[in-house]
Chemist: 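Pasting a structure below so you can have a look.
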Amino acid sequence: MGYFLNALTVVKHLISVRRFCRASPEQIKSHQLKKLKELARYAYARVPFYREKWDRAGVGLDDIETLEDLKKLPVITKEDLRLFCPDSLKTNKYSEDKGRVLRTTGSTGNSACIRWDAQKCLAELAAMSYSAVGLYAGLPLKKHGMAVFVTVDDAVESLAFWAFPRQAKERVISVFEPVDKQIAMLNRIKPSYLISYPSALRNMAAVVQNTGQSIHQPKLILTTGECVDSLTRKALQSVFHGEVRDVYGATEAGVAAFECSQGKGLHVLSFKAVVEVIDDNGRAAPPGETGHVVVTDLLNKAMPMIRYKGLGDLCSFSVERCSCQLSHFPLLNQVEGRTIDALVMPDKRIVHPYQLTLAMQDLFVVKKFQIQQKAINDFRVLIVKDNSPEAQTLTMCDAIQERFKNILGPEAQIEIQTVSDIPPRKGSHKHAAVMSWVQA
Ligand SMILES: [Zn+2]
């Protein structure tokens, strides 16, 4: 699609975002049900993976009458994606050239591959355009934002380069560029909001603080992709005066929730995604009780995500109420999810951890990994392989050594260990993709 067609489609989606931001909870629910029925019919007819899974579970399309009935469908996991993707989850109608094949990047410590159709891509761009963000935040924005993101081709963060390459070049900078260059861009284009990963924003804030330079102050600082803890928030607020808001999303589903402006949690953008919280037995967790996040993406037909549990995040629905502009959307408490450390080099340079995690993402037999920095120039990579025959014979050590030395320098000592599992980080339910014991 060309620029004008893309722009028109984004505007069309933006109009519906505006409508839903002002709709009643009943109107949103009836929209959800309509979309859900449509998606279920589509997935059953066109995606063998779902048809087989639902047939085995004894659930038919006639069983989906209300939103509650979504719970009758079996959940799908990241392992399902890894084993079947992208061939049996993808639908016949959407060939590659009509959309994007995306890979999860960055902080997850295991990778998956997802296909989005062109409509889904453009709807996501609309959902995070400056006008939409201004509506969610209750702060009218009159100007474009700026993003510091992973900009590799198959990252969800690179969608803008696919749809609007010229504009993207002016407003998106790679997280791997030197922090000075990121700050220079911020000062040059003076965006209304700045969006990036907490790990990258923390680096920017540290450089600003150390050098004492003055910077352009965006109205909003948006964090995404990793958990933003209270320490990080404080560090950001000591440098950025704009309000800090968290955006919860994932490559598998797109943007799913936006932080409440009264600080009560995250509002599910339920016109585009259904979020459930379930306990270990698969039952709905009552409000206030923590469980697993299960997401259904109402927009993507190229590879439908229906009851996807693979994000691996823990959360609960809030028992609180708020009166912010998103109060008609369900309210989640803070999501407990991904955390990630930066790496410190001998010359005190900070390497953004995604540089290393991206170097692991095409190693398909790797089920899980963790990169550890034990001391300056001393690294260990833990790998959990899957059970495929390829995994038993394939040696990835040389490839990993070479890629890591390209990033970390020839002096780096890199030990690679195959293990049976990687334990979660202390105080969390998830393992960290990158851990460093070196103080920045
Ligand atoms: Zn709110």
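Both ligands and their constituent atoms are indexed starting at 1 by order of listing. Only a predicted model underlies this, so the values are computations on that prediction, with no experimental measurement involved. Each residue takes its place number in the sequence, starting with 1.
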Chemist: For Val277, which of Leu332, Asp313, Val294, Thr290 qualifies under side-chain contact (heavy atoms from CB on, under 4.5 Å)?
Modeler: Leu332
Chemist: For the rings on His267 and Phe258, is their centre-to-centre separation under 6.0 Å?
Modeler: no
Chemist: With salt bridge (charged side-chain N to carboxylate O under 4.0 Å, His left out) as the rule and sequence neighbours excluded, what pairs involving residues 209-222 come up?
Modeler: none
Chemist: Mind listing the side-chain donor-acceptor pairs of residues 135-143 below 3.5 Å, one per line with the distance, residues two or more places apart or on another chain?
Modeler:
| from | atom 1 | to | atom 2 | distance (Å) |
| --- | --- | --- | --- | --- |
| Tyr136 | OH | Ala127 | O | 2.7 |
| Lys143 | NZ | Ile189 | O | 2.9 |
| Lys143 | NZ | Lys190 | O | 2.7 |

Chemist: Looking at OH of Tyr50 and CE of Met305, how far apart are the two atoms once the value is rounded to the nearest 0.5 Å?
Modeler: 5.5 Å
Chemist: For the Zn ion (ligand 1), check which protein N, O or S atoms are under 2.8 Å away and list them.
Modeler: Cys260 SG, His267 NE2, Cys322 SG, Cys324 SG
Chemist: Considering only residues two or more places apart or on different chains, which pairs with a residue in residues 240-249 satisfy salt bridge (charged side-chain N to carboxylate O under 4.0 Å, His left out)?
Modeler: Glu243-Arg245
